[in-house]
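Here is the structure we will look at, set down as structure tokens.
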Amino acid sequence: MDLKLRVWRQKDRNSSGKLVEYDARDIDPEMSFLEMLDVVNERLIDSGDEPIAFDHDCREGICGACSATINGIPHGPHRATTVCQLHMRHFQDGDTLTIEPFRARAFPVIRDLMVDRTAFDRIVEAGGYISVGTGSAPEANTLPIPKDQAERAMDAASCIGCGACVAACKNASAMLFVAAKSSHLNTLPQGKPEKERRVLSMVAAMDEAGFGNCTNQYECSAVCPKSISEDFIGQLNREYFVASIKQQFTTK
Amino acid sequence: MKLDAKIPSGPLESKWTRYLSEIKLVNPANKRKYEIIVVGSGLGGAAAAATLGELGYHVKCFCYQDSPRRAHSIAAQGGINAAKNYQNDGDSVYRLFYDTIKGGDFRAREANVYRLAEVSAEIIDQCTAQGVPFAREYGGHLANRSFGGAQVSRTFYARGQTGQQLLLGAYSALCRQIQAGTVTMFPRTEMLDLVVVEGHAKGIVVRDMVTGEISSHSADAVVLATGGYSNVYDLSTNARGCNVTAAFRAYKRGAAFANPCYTQIHPTCIPVSGEYQSKLTLMSESLRNDGRVWVPKEKGDSRSPQEIPEEDRDYFLERKYPSYGNLAPRDISSRSAKEVCDEGRGVGPGGLGVYLDFSDAINRLGLDTIRERYGNLFEMYERITGEDAYHTPMRIYPALHYTMGGLWVDYNLMSNLPGLHVIGEANFSDHGANRLGASALMQGLADGYFILPYTIGAYLADCKGKRPPTDHPDFRAVEKEVEERTRKLLSINGKRSTQSIHRELGKLMWEKAGMARNADGLREAVSRIPGIREEFWQNVQVPGEGGEINQELEKAGRLADFLEFGELLCRDALDRNESCGGHFREEFQTKEGEALRNDEEYSYVSAWEFQGENQEPVLHKEPIVYDEVKMATRSYK
Ligand code: FES
């Protein structure tokens, strides 16, 4: 199949970028989207041009590195699929594809389709963990956990930290990301002791990183490659509410 | 070169506990004064960096990804072994130890493997406490599944995303230490060389992958947790960025590289679909618990799988290995698949595939159970192939997946180069010639949480002399070499992309040093690789500049090392005139086509020492001595 690509090209964080058009001819529908970009890049290199920079690594939908917005949709049109797992069979011969980086104030573009997502790491550093040092854990089966609780925690824990939720949100909010992490840990009994501290510090770190507010449109959940449910945002809101009230009473 | 494995004396079961009680400790007040560099942030690296930070050391952790959470450990699906005996099916530390030694085809070090089995149970406790959402039974207790190469059920799992969940656990522990200020994290930073000062590894030279700046970091000790080298084959299940550079640079600075020819082929990957293929996707071997592997009995049978009746199907694993059946170890399953495809009975495009059929399991257990067990794997398969495996059998084919070889280490996980420690897949020590399923995660975390943080003390307590400053002439010299090499890569300005040359190397490696090898093929590879290397250094095109994000430059640097390393791998395979584990030499097989080991002549670890550019490396042998187990022919019939 033959495609027309309009790709965001930007030299570095401080330069301004623009969309540049490329022809992608003879694309095999069995290729993945990134393999299509590989082919385009090999052709660019052969003709002495600079290839399109994009983040990727595992190419199997789990590391969360790949990130691109295709025709306005983070990770492209196929539901619950990262761009590395998106296959060209989902496009039509003759399609025009506009390929841009994930856009958000907290994710500055550093080159072409690559953005800086270290703000996510800072949120986890603020409290996305259970404080248990190596060697101090009790025997694992001393604490039975109901299967449905474990399953719910696992649903939340499936987040791959790609940032599509932020890119899809008109306010560039990171609520789904934060909610997934806090709900994973807060749902489990091991995570309960730090539950309140966790939500307060993670939300504070999120605000500080420049992410916007959540206005409950749930575009985030719709584009999430792991289909993380917006229910977790509800859980985070409730836990945050309780935690901030408690905090007010304890500080007074 | 002296290879002293430093195995503690005494009976096998008490070596580690005795070692722990006798090890020299670093005074807690002094720990703050030590700096440790950890390269890599996968299970081994993140666990080690976090634990070393908790112990009070100053840690600098480096990874090439934009976040430590993306290291390739994240892609492991199936599970993690531990000798908990929760199923009361007769498991024990000894049994896990024995299975690992046997699975490794009697080419692993006894004391290391026993220790691995010993700490396995603690890993599950640690991860559970961190909030890793392992699968549970209705009663709330942890669930287990069985895995290839074992007759007990000892594998813990979190859906098909066990690696992800364990890595996120280790990453969260790491984040906690970053917040506490004990660990400084350097993402998007690639180690390009090791710095050795007065015979000790004292630092690294790195490239900031965003600004292109090349700089040095010094430390009291260096830990490499940089994973394996499957990408020397270009196509493998590894992430595209996985590379051998850190380990190979260490080798060129004097660390011995052990058993590079021990590579593992994974039997359940999605077959290649075309020339453009950029990676192979693995589907967890746990699928073999419920899926049955078959091909048509007749070659060239072009009927669709549903049209082929039972009597025309050959369930070749069940036929050849009745007691293990579809759960036969990886190397055996892979080779059997290759055999039937070589006979012309393969299925799918190009005939390079076999069926993995779930229809019996669906009839027996119901669709819901299968969906619950493997739902995400079936989805993954559909996403890639466009086929629905609930209704038509999957097609699978073996692919390069894991490498058992790695830098040589002693019992302390320290290489022959003092100060340089190597953990996880990057070292050679625990899996012998073949690794059992669900044991990679176990080893990465064992090394990172429970072994290295203590054994590194043995070096530090003795390590006199402070770490050198980074303006030390030895640092300056290495920095200069790295800069020079970068300049050279950028100035070749030839006609071929890095990827096209990598593809060429990969094809040659797969054909001559892949699933089955022979002396002629290996000799041919050894003679042809220098030509590809030459072509690379004359004719590669690396566009862009050094002082910016330049992914082609990164790829070219990694390929340059693969082009030398591939030759070393083939030399090792050529030296080993026997078949064992993942190393199958066609000349050495039984009448039934099984691997034929030669314990008399080859019970040794091959440790290769670098001799200089374009010089043949020297082979050193560490004999493998078993006090506890008897070497036996591995039989899974
Ligand atoms: S490259 Fe890892 S999720 Fe896409």
Side-chain angles (χ1 to χ4, degrees), chain A residues 11-12 28 30-32 34-35 38-39 42 45-46 48-51 53 55-65 81 85 87 89 110-111 114 117-118 120-121 124-126 128-134 137-141 144-147 150 153-154 157-158 161 184-185 188 190-191, chain B residues 50-51 54 65-67 69-70 72 74-75 86 124-126 128-131 133-142 158-159 161 164-165 168 172-173 175-176 178-179 187 210 239-241 273-274 276-279 281 380 383-384 386 449-450 453 497 499-500 541 543-544 548-549 551-552:
Chain A
K11 192 166 170 52
D12 55 32
D28 189 320
E30 290 304 308
M31 282 180 189
S32 74
L34 298 187
E35 284 165 349
D38 289 341
V39 168
E42 277 206 54
I45 294 168
D46 285 345
D49 290 323
E50 288 203 22
D55 268 317
H56 67 98
D57 205 18
C58 73
R59 297 201 172 197
E60 52 184 273
I62 193 74
C63 75
T81 303
Q85 293 241 288
H87 278 65
R89 67 178 84 90
I110 55 174
R111 191 182 181 90
M114 295 168 83
R117 287 169 288 188
T118 46
F120 270 9
D121 293 311
V124 178
E125 286 159 21
Y129 47 77
I130 290 172
S131 301
V132 52
T134 301
E139 208 290 326
N141 260 352
I145 298 175
K147 192 176 163 72
M154 182 66 211
S158 309
H184 155 213
L185 298 174
L188 295 169
Q190 306 93 300
Chain B
T51 307
E54 289 165 11
Q65 296 87 350
D66 68 328
S67 162
R69 67 176 290 151
R70 308 206 199 283
H72 186 60
I74 204 156
Y86 283 163
I124 302 306
D125 300 339
Q126 185 65 32
T128 303
Q130 286 170 344
F134 284 121
R136 298 205 171 241
E137 307 290 357
Y138 281 103
H141 293 112
L142 292 163
R159 296 203 186 134
Q161 292 136 265
Q164 178 199 30
Q165 293 310 314
L168 293 180
S172 71
C175 284
R176 180 167 157 253
I178 295 172
Q179 182 79 348
V210 178
R240 280 310 283 169
S273 67
Y276 49 79
Q277 191 99 18
S278 63
K279 84 155 273 163
T281 304
M380 181 183 229
R383 225 170 271 132
I384 293 171
Y449 285 132
F450 295 111
S497 68
Q499 181 50 37
S500 77
Q541 167 68 274
E548 59 181 6
I549 292 180
Q551 295 180 310
E552 286 301 310

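None of these values were measured; they are calculated from a predicted model. All chains are named by letter (A, B, ...) in the order of the sequence lines, taking the proteins before the strands, and each is independently numbered beginning at 1.
Judged purely by distance below 3.5 Å, without hydrogens or angles, the side chains of T281(B) and E60(A) never pair a donor atom with an acceptor atom. Donor-acceptor pairing under 3.5 Å is recorded for the side chains of E42(A) and S497(B).
Residue contact with chain B, scored on non-hydrogen atoms closer than 4.5 Å, involves the backbone and the side chain of D121(A) alike. Contacts of I110(A) with chain B are made by both backbone and side-chain atoms, with heavy-atom separations under 4.5 Å. With a threshold of 4.5 angstrom between heavy atoms, D38(A) approaches chain B through side-chain atoms but not through N, CA, C or O. Residue contact with chain B, scored on non-hydrogen atoms closer than 4.5 Å, involves the side chain of V39(A) exclusively. For R59(A), the parts lying near chain B are the backbone and the side chain together; criterion is any non-hydrogen pair under 4.5 Å. Proximity to chain B involves both the backbone and the side chain of D57(A), based on heavy atoms less than 4.5 angstrom apart. Looking at I384(B), the atoms closer than 4.5 Å to chain A (heavy atoms on both sides) sit in the backbone and in the side chain alike. Proximity to chain A involves both the backbone and the side chain of L142(B), based on heavy atoms less than 4.5 angstrom apart. Both the backbone and the side chain of T51(B) come within contact range of chain A, judged by heavy atoms closer than 4.5 Å. In this structure, chain B has heavy atoms under 4.5 Å from both the backbone and the side chain of E139(A). Proximity to chain B is limited to the side chain of L188(A), based on heavy atoms less than 4.5 angstrom apart.
Contact count against chain A (heavy-atom pairs under 4.5 Å) is highest for G131(B) among P187(B), G241(B), G131(B), G274(B). The greatest number of non-hydrogen atom pairs below 4.5 Å with chain A, out of G544(B), A75(B), P543(B), S278(B), is found for S278(B). Of the listed residues (D66(B), I124(B), V210(B)), the one with the most heavy-atom contacts under 4.5 Å to chain A is D66(B). Contacts with chain B were tallied for M114(A), E35(A), E30(A), Q190(A); E35(A) has the most, counting heavy-atom pairs under 4.5 Å. Options G61(A), A153(A), S158(A), G48(A) differ in how many heavy-atom pairs under 4.5 Å they form with chain B, and the most are formed by S158(A). Counting heavy-atom pairs closer than 4.5 Å to chain B, the top residue among T118(A), D55(A), L34(A), D12(A) is D55(A). Note on T134(A), I130(A), V132(A): by heavy-atom pairs under 4.5 Å with chain B, the leading option is T134(A). Considering only heavy-atom pairs separated by less than 4.5 Å from chain B, the leading option among E50(A), H184(A), H87(A), H56(A) is H87(A). Most heavy-atom pairs under 4.5 Å with chain A, from the set M380(B), Q499(B), Q126(B): that is Q126(B).
One distance of note links CG of N141(A) with OG1 of T128(B); it measures 8.0 Å at 0.5 Å rounding. In this structure, CD on Q161(B) lies 5.0 Å from CD1 on I62(A), to the nearest 0.5 angstrom. The distance from atom OG of S172(B) to atom CD of E125(A), rounded to the nearest 0.5 Å, is 11.5 Å. Atom CZ of F134(B) is separated from atom CE of M154(A) by 10.5 Å, given to the nearest 0.5 angstrom. Between Y138(B) atom OH and K147(A) atom NZ the span is 5.0 Å, to the nearest 0.5 Å. One finds the CZ atom of R111(A) at 4.5 Å from the CD atom of E548(B) (value rounded to the nearest 0.5 Å).
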Which is it for Q164(B) and C63(A) under the side-chain contact (heavy atoms from CB on, under 4.5 Å) test, yes or no, and what are the steps along the way?
CA-CA 8 Å; Q164(B) 178 199 30; C63(A) 75; over 6 Å; no

Report the C-alpha distance between Q277(B) and M31(A) in whole Å, list the side-chain angles of each, state the deciding distance to 0.1 Å, and finish with yes or no for side-chain contact (heavy atoms from CB on, under 4.5 Å).
CA-CA 7 Å; Q277(B) 191 99 18; M31(A) 282 180 189; over 6 Å; no

Hey, mind stepping through F120(A) and R69(B) against side-chain contact (heavy atoms from CB on, under 4.5 Å) and telling me if it holds?
CA-CA 10 Å; F120(A) 270 9; R69(B) 67 176 290 151; 5.7 Å; no

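Nearest approach of R176(B) to G133(A), heavy atoms of both residues: NH1-N, 4.1 Å. For the pair L185(A) and Q130(B), the tightest heavy-atom approach, listed with the atom from each and the gap, is CD2-O, 3.9 Å. Across R70(B) and G161(A), no two heavy atoms sit closer than the pair NH2-O, 3.0 Å. In this structure, R89(A) and G386(B) approach most closely via the heavy-atom pair NH1-N, 3.6 Å. Nearest heavy-atom pair, P133(B) versus A150(A), reported as atom, atom and distance to 0.1 Å: CB-O, 4.0 Å. The shortest heavy-atom contact between I45(A) and Q541(B) is CG2-CG, 3.5 Å.
Within the 4.5 Å cutoff, no side-chain heavy atoms of R117(A) are placed close to those of S67(B).
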